[in-house]
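Structure record follows, encoded as structure tokens.
Atoms considered below: every heavy atom in the structure, side chains included; atoms not considered: hydrogens, waters and symmetry mates.
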Amino acid sequence: MLLTVDRHERATEAAVLDVATGTGNVAVAAAKRGASVTGLDLTPELLDRARARAAAAGASIDWIVGDAELLPFPDASFDVVTSTFGVMFAPDRDRAAAELLRVCRPGGVIGLCCWTPEGVAGQYIDLLGRHLGAQPDDKRSTDWGRQRWVHDLFTGADARDSGGLEFEFALDHAVAEFGSLDAGVEFLECNYGCAVTSRAKLEPAGRWEALRADIRSLFDANNRSASGSLLLAEEYLQTIIRIPR
């Protein structure tokens, strides 16, 4: 879905940019389908893991350390621009949206997956906010999981012809399963950029373990497994934005 340039073109013809790629889930999948892929992330440690994953998969990807609010590419550089649970954490949401639009070619597609405020992941993000110093109510990263807000963000950010953007929305769940509750928490803190950066900020001050305990309690309360493993169904909003030609 995220790799479709338009209703007729094939994913293998696409130049794909995965913004806030993290450990490269979408980037590696796109490259394996034959796309020409660039993965960008602000966290070098996550790109190290992405490189290892790409090498193991035999996927050739350009990895770049960079900021979603200042993408280091010319205008209209990519057929497809994606971000899966990544760009939603950019502090300046207007600028990030404008940058995604800027680097996407006419006729191209922007594909986003963002956690909803009500889901487990959205509640986890609220936990981070409380421990790190909560954002104002009008600047929550989970706003990207609300349809009307996303529509208004991108139509306001598009300086070309906002009326020409086509939007498609769908709610879905990402199912995460781990051998134990502790294994799920450990995976999170090693593989999610917001957890990595939160730990780096809180651990030196002796505040990380308190957040970790709260995350553990949240996951335990939402665990759908009765066998000692951890099974979470995390709600997200899938957004497809088609750019007019």
Side-chain angles (χ1 to χ4, degrees), residues 1-2 16-27 30 39-43 46-47 50 65-71 78 80-104 109-158 165 167-174 176 188-189 191-199 201 215 218 232-241:
M1 177 277 304
L2 292 182
V16 175
L17 171 64
D18 189 34
V19 177
T21 190
T23 57
N25 289 338
V26 172
L40 177 141
D41 201 275
L42 196 59
T43 309
L46 296 182
L47 287 183
V65 176
D67 191 338
E69 295 177 11
L70 190 63
L71 296 175
F78 298 94
V80 179
V81 180
T82 65
S83 187
T84 302
F85 315 123
V87 73
M88 63 183 290
F89 297 107
D92 188 335
R93 293 99 62 83
D94 292 317
R95 182 158 187 172
E99 281 291 271
L100 297 181
L101 288 165
R102 180 184 65 80
V103 300
C104 192
V109 173
I110 296 172
L112 307 173
C113 291
C114 300
W115 304 120
T116 65
E118 300 81 10
V120 178
Q123 295 177 58
Y124 153 72
I125 292 166
D126 283 344
L127 273 181
L128 293 186
R130 291 201 294 272
H131 281 263
L132 292 169
Q135 292 179 313
D137 288 344
D138 62 345
K139 284 194 174 184
R140 291 184 174 177
S141 55
T142 50
D143 287 338
W144 291 75
R146 298 192 290 117
Q147 292 186 25
R148 173 52 59 182
W149 186 91
V150 173
H151 178 276
D152 292 347
L153 173 69
F154 278 91
T155 54
D158 186 10
L165 297 177
F167 292 82
E168 298 175 20
F169 296 104
L171 287 174
D172 207 340
H173 290 81
L188 175 85
E189 64 191 15
N191 291 278
Y192 288 172
C194 55
V196 172
T197 55
S198 296
R199 184 173 185 176
K201 292 177 181 178
I215 294 171
L218 173 66
L232 300 173
E234 302 174 289
E235 186 181 67
Y236 66 92
L237 176 68
Q238 174 184 285
T239 300
I240 300 295
I241 305 171

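- Residues Phe154 and Leu101 meet the side-chain proximity criterion, which asks for heavy atoms closer than 4.5 Å.
- Between Val87 and Ala96, the shortest heavy-atom contact is CG2-CB, 3.9 Å.
- Tyr236 has its side chain out of reach of Leu171: every pair of non-hydrogen atoms, C-beta onward, lies at least 4.5 Å apart.
- Residues meeting the side chain to side chain donor-acceptor pair (under 3.5 Å) test with Thr116, sequence neighbours left out: Glu235.
- Residues Arg93 and Leu153 share a closest heavy-atom pair of O-CD1, 3.8 Å.
- The shortest heavy-atom contact between Gly66 and Leu40 is O-CD2, 3.3 Å.
- Distance check, rounded to the nearest 0.5 Å: CD of Glu168 to CD1 of Ile241 gives 10.5 Å.
- Salt-bridge formation is not detected for the pair Asp143/Arg140: no Lys NZ or Arg NE/NH1/NH2 atom is positioned less than 4.0 Å from an Asp or Glu carboxylate oxygen.
- For the atom pair SG of Cys113 and CE of Met88, the computed distance is 11.0 Å after rounding to the nearest 0.5 Å.
- For Tyr124, the ring-ring contact (aromatic ring centres under 6.0 Å, His included) test picks out no residue, with sequence neighbours left out.
- Heavy-atom minimum distance, Glu69 versus Glu99: O-CG, 3.5 Å.
- Inter-residue side-chain proximity for Gln147 and Leu237 is flagged as met; some heavy-atom pair is nearer than 4.5 Å.
- With sequence neighbours excluded, the residues forming a ring-ring contact (aromatic ring centres under 6.0 Å, His included) with His151 are Phe167, listed by chain and number.
- The line from CZ of Arg199 to CG of Leu188 is 10.5 Å long, rounded to the nearest 0.5 Å.
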Side chain to side chain contact (heavy atoms under 4.5 Å, CB included) evaluation trace for Leu112 with Gln238: CA-CA 6 Å; Leu112 307 173; Gln238 174 184 285; over 6 Å; no
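- To the nearest 0.5 Å, atom CG of residue Leu17 and atom CD1 of residue Ile110 are 10.0 Å apart.
- The distance from atom CZ of Phe89 to atom CG of Leu128, rounded to the nearest 0.5 Å, is 7.5 Å.
- Scanning both residues, Asp41 and Leu47, for their nearest heavy atoms gives CB-CD2, 3.8 Å.
- Going from atom SG of Cys104 over to atom CZ of Phe78 covers 10.0 Å, rounded to the nearest 0.5 Å.
- Residues Asp152 and Thr155 come closest through the heavy atom pair O-OG1, 3.3 Å.
- Side-chain atoms of Ser83 come within 3.5 Å of backbone atoms of Val19 as a donor-acceptor pair (strictly under, hydrogens ignored).
- With contacts defined as side-chain heavy-atom distances shorter than 4.5 Å, the pair Ile215/Glu189 does not qualify.
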